[in-house]
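Inspection log for the structure reproduced underneath, given as structure tokens.
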Amino acid sequence: MPDLRDEIKTALQDFNSKPLRKSALTLLDILGYRSDRTLVLEGSNPQAFLDLVESQPAATKFDSTKALFSDWKSSDILFQLTDDDLASTSSLFKETDIKSGLLRSYLFFAIELKGKDYARGKLTGIARQINRVFPMPVMLLIRHGDASGAPVLSIAVINRRRNKVHAEKDVLEKVTLIRDISLSQPHRGHLDILASFAVESLVHPQKKPINDFDTLHAAWEKIFNVELLNKNFYDELANWYFWAKKHCHFPLYDEKADKYDLFRDTDKVREHEAKNLIRLLTRTLFVWFIKERGLVPEELFSPTDLEKSVLKSFDPESKETNFYKAVLQNLFFATLNQTHGEREFRNERQHQNTTTLLRYESKLRSPKDFVRSLEEITPFLNGGLFECLDRPHPTKTGPQGGRVIIYEDGFSDRKDNSLTLPDFLFFGSERIDDLSGEHSFGLASKKNAKVRGLIDILDSYKFTVVENTPIDQEIALDPELLGQVFENLLASYNPETKTTARKQTGSFYSPRAIVDYMVDESLKAYLTRALVEKASMRQADARTGLDILFAYTEMERTFTPAQVDILIAAIDTCKILDPACGSGAFPMGALQKLVFILSKLDHDNKKWQQRQIDAASTIPDSSARDAAIAAIEKDFAENADDYGRKLYLIENCLYGVDIQSIATQVSKLRFFISLIVDQHVNRKRTNFGVRPLPNLESKFVTADTLIKIEKPETDRLLGHGNLFERSDVAVLQAELKAVRHNLRTHYPTSISPKR
């Protein structure tokens, strides 16, 4: 009997050659969804669909612009699934107003779009407009092209519920997406998600049979629970982490060279191994996210390709450290942290301590092909996390007179390199291992834990580079996962010290709902004050208007043009600091909310762009000023609308401090991912048109905010009570801002260390 995933894969491939309606009905039938309640539009004509929706007596009308109606190639109403269809086994829309009978059913649509590479917001916009007209929950199958033009399928589901205060009204719910499903070679993670939607696979939270709308809806809600998906992934990743701790070894500082003798203590050694393993996971996860944008070669993670064309010696169960050294370390340190066009292998007798040059040439089948594959698609990122931590000792020298090298990452061709990360940790098959001892939490449940290779774990889940929001989400792992993994792994139990890294550092993951609440309340308080002081509004009126502005609804803003200008100016000049930012949950939440607000206040970005140009116009040097203005115009013209909003909010408004350097690195990387989502990759341009992050070294810094900075004796004698009261600070700030603009303008792809 064929596996359900095989049937789903075949049905998806049929979308390439068969009519959309027929293909969609076949796929849904395989999943167990079928009904005779249908309406057939003549020739799947979009205009016939438009005529139908405009005839519906809905409280809100279909907005063809927001629904991208001009891009529609075909449209079909597939069927309405009701309690009768679910249990037993009239006509469609026999009720024309919003009643419980209609709300207790699902309506299935299929639409084909002419274009390609649709952003998530565009697809959710289509679902919202259809849901405005038809009063029941909706599932929408959308066939369109991906970034390369290859056909893909996206599935959008949107719920509908009554307004709890006004029974005669109803409100739009969150849109959940399964996005960009390849029709020729579906991703394993997508096949698993679709299989979980099959009626025979559904599991009700209370184990009830799926025989009516309520039980079906509850089971679907469980699948929509992205937090549960994240938890399942983290549980697998945590098992891998404790398994890897038993088999890995990262180089230690040379005890004779280390003036602090840090690693004479066994507990310190364990902590060293744990932190390096967490850093490895964070680096690898980040690579997996940018791989979703096609910026890393897929063959570097395929066992077949690795054995056939990449590595001279590759065995998925090998105890040798070939994959991590020759592939991952070269990718981390000498590709993502090296200027595009300057990637090459280290000379045998030269540049021994230059960590931006490739190593391990002898492990590769064709070093030239390896470099070429990276040069073809992988940009220079300079993300901080990919800086090699090996470095010369500041004072001590070796027998040959050169500086003693302090190895931490162990990016070295030396035969005595003690770095150990066996290939089976990345590609080993599933097995049972005892993780209940010192390498785990000490839990009995870890005694017979399932473990498998890290690449196999990552390949079995679908990732998205777009962070989920309160109004839309993908059933996929989003970049917030970087922070969750980092902060949760810090909670790993250390049986020697009887404490956790989390307790030692105060690192705790903030749930998204709590972050959203804190962001909203903070920004509303700030903007209310601006409206009261600058627009002479009553505080209650300002708050009411902001409640509407902040709400994830399509209700228009209530502010006058003058008040809008005040709000945009207040956003542009606001400074948001998280003194214990961790992996950036609060700053990222603030960024998402501010981008959303700006999109409602300034649809076409004209006001926001002009403010950035006005700021650049104050640069004293004329050539730098002109170049900065040109760069701003280019940022807005050549990328998605949100890119210009995000870039200048990140550059001017957001700050974070954390005691752990890896935490601030993760924060910066999440902001980079948020930008790359809205950048248009162009293979013909320098660095493929991918601009590295703006200068965030002074935006997200590693420090202890609980310890006061001692003032110099001269300050106390001169009576300076505050650093920012000094007259020379303002001058230096202005000069620094001009330098940053100058650097961004003249070196848009940044500069790597030269040899």
Side-chain angles (χ1 to χ4, degrees), residues 163 165-166 171 469-471 510 512-581 585-618 641-642 644-657 699 705 721-725 729-730 733-734 737:
N163 185 288
V165 178
H166 303 289
V171 296
T469 74
I471 57 168
S510 301
R512 184 173 291 166
I514 294 176
V515 171
D516 290 339
Y517 174 79
M518 292 190 300
V519 166
D520 279 9
E521 292 305 304
S522 301
L523 290 177
K524 284 179 181 178
Y526 169 73
L527 295 176
T528 296
R529 186 167 64 250
L531 289 169
V532 170
E533 293 177 357
K534 302 291 180 61
S536 300
M537 290 186 70
R538 292 174 57 247
Q539 184 169 332
D541 293 338
R543 183 74 184 205
T544 299
L546 290 172
D547 286 342
I548 295 171
L549 179 64
F550 276 60
Y552 287 109
T553 68
E554 296 182 336
M555 185 174 181
E556 293 298 324
R557 55 180 169 78
T558 59
F559 296 110
T560 66
Q563 292 166 347
V564 167
D565 289 340
I566 290 171
L567 287 170
I568 293 175
I571 291 172
D572 192 30
T573 56
C574 75
K575 304 298 178 186
I576 299 171
L577 169 66
D578 186 342
C581 66
F586 183 82
M588 178 56 68
L591 176 68
Q592 291 177 333
K593 179 60 74 169
L594 288 172
V595 167
F596 173 72
I597 292 170
L598 284 172
S599 69
K600 293 178 80 172
L601 293 173
D602 184 27
H603 297 296
D604 54 12
N605 261 340
K606 288 184 178 179
K607 294 177 182 291
W608 183 248
Q609 179 180 347
Q610 189 58 50
R611 286 198 63 86
Q612 311 317 314
I613 292 174
D614 291 344
S617 299
T618 63
D641 290 344
D642 282 346
R645 296 177 182 122
K646 290 177 182 177
L647 178 64
Y648 294 100
L649 284 168
I650 293 171
E651 186 177 84
N652 300 321
C653 304
L654 299 169
Y655 301 82
V657 181
K699 302 288 184 180
T705 52
N722 187 310
L723 175 66
F724 297 99
E725 292 174 3
V729 169
Q733 282 182 318
K737 188 171 184 178

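Since the model is a prediction, treat every value here as computed from it, not as a measurement.
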Self-check item: pair I650-K699: side-chain heavy atoms closer than 4.5 Å
Solution: no
Self-check item: Between CG on residue L601 and CZ on residue F596, distance to nearest 0.5 Å
Solution: 10.0 Å
Quiz item: Got a second to check how far E533's CD is from T528's OG1, nearest 0.5 Å?
Solution: 11.0 Å
For residues 537-545, which side-chain donor-acceptor pairs fall under 3.5 Å, sequence neighbours excluded?
from: R538; atom 1: NH1; to: D541; atom 2: OD1; distance (Å): 3.1
from: R538; atom 1: NH1; to: D541; atom 2: OD2; distance (Å): 3.0
from: R543; atom 1: NH2; to: E521; atom 2: OE1; distance (Å): 3.0
from: R543; atom 1: NH2; to: E521; atom 2: OE2; distance (Å): 3.4
from: T544; atom 1: OG1; to: A540; atom 2: O; distance (Å): 2.9

Quiz item: What is the distance from atom CD1 of I571 to atom CG of L527, rounded to the nearest 0.5 Å?
Solution: 5.5 Å
Self-check item: Side-chain touch Y526/I576, heavy atoms, less than 4.5 angstrom
Solution: no
Quiz item: If you round to the nearest 0.5 Å, how far is CG of L531 from CZ of F559?
Solution: 5.0 Å
Quiz item: What distance do L594 atom CG and D572 atom CG have between them, rounded to the nearest 0.5 Å?
Solution: 11.0 Å
Quiz item: With sequence neighbours left out, what residues match I613 under side-chain contact (heavy atoms from CB on, under 4.5 Å)?
Solution: Q609, Q610, S617, I629, I632, E633
Practice problem: Looking only at non-hydrogen atoms, find the nearest pair between P587 and C581 and report the distance. | Solution: CG-CB, 4.4 Å
Exercise. Output yes when K524 and D547 qualify as a salt bridge under the 4.0 Å nitrogen-oxygen rule, no when they do not.
Key: yes
Quiz prompt | Test side-chain contact (heavy atoms from CB on, under 4.5 Å) applied to M588 and V515, step by step | solution = CA-CA 9 Å; M588 178 56 68; V515 171; over 6 Å; no
Self-check item: Heavy-atom closest contact (A590 atom, L654 atom, distance)
Solution: CB-CD2, 4.2 Å
Quiz item: If you look at every heavy atom in I548 and K600, which pair is closest and at what distance?
Solution: O-NZ, 3.3 Å
Practice problem: Determine whether more than 12 heavy atoms belonging to other residues, nucleotides or ligands lie under 6.0 Å from atom NZ of K575. | Solution: yes
Quiz item: Does the side chain of L649 reach to within under 4.5 Å of the side chain of L598, using non-hydrogen atoms?
Solution: yes
Quiz prompt | Interatomic distance, K607 atom NZ to L567 atom CG [nearest 0.5 angstrom] | solution = 11.0 Å
Quiz item: What are the two closest non-hydrogen atoms of S522 and F586, and how far apart are they?
Solution: OG-CZ, 4.1 Å
Self-check item: Heavy atoms from other residues, nucleotides or ligands near NZ of K534 exceed 12 (cutoff 6.0 Å)
Solution: no
Quiz item: Shortest non-hydrogen contact from R645 to D602?
Solution: NH2-O, 3.3 Å
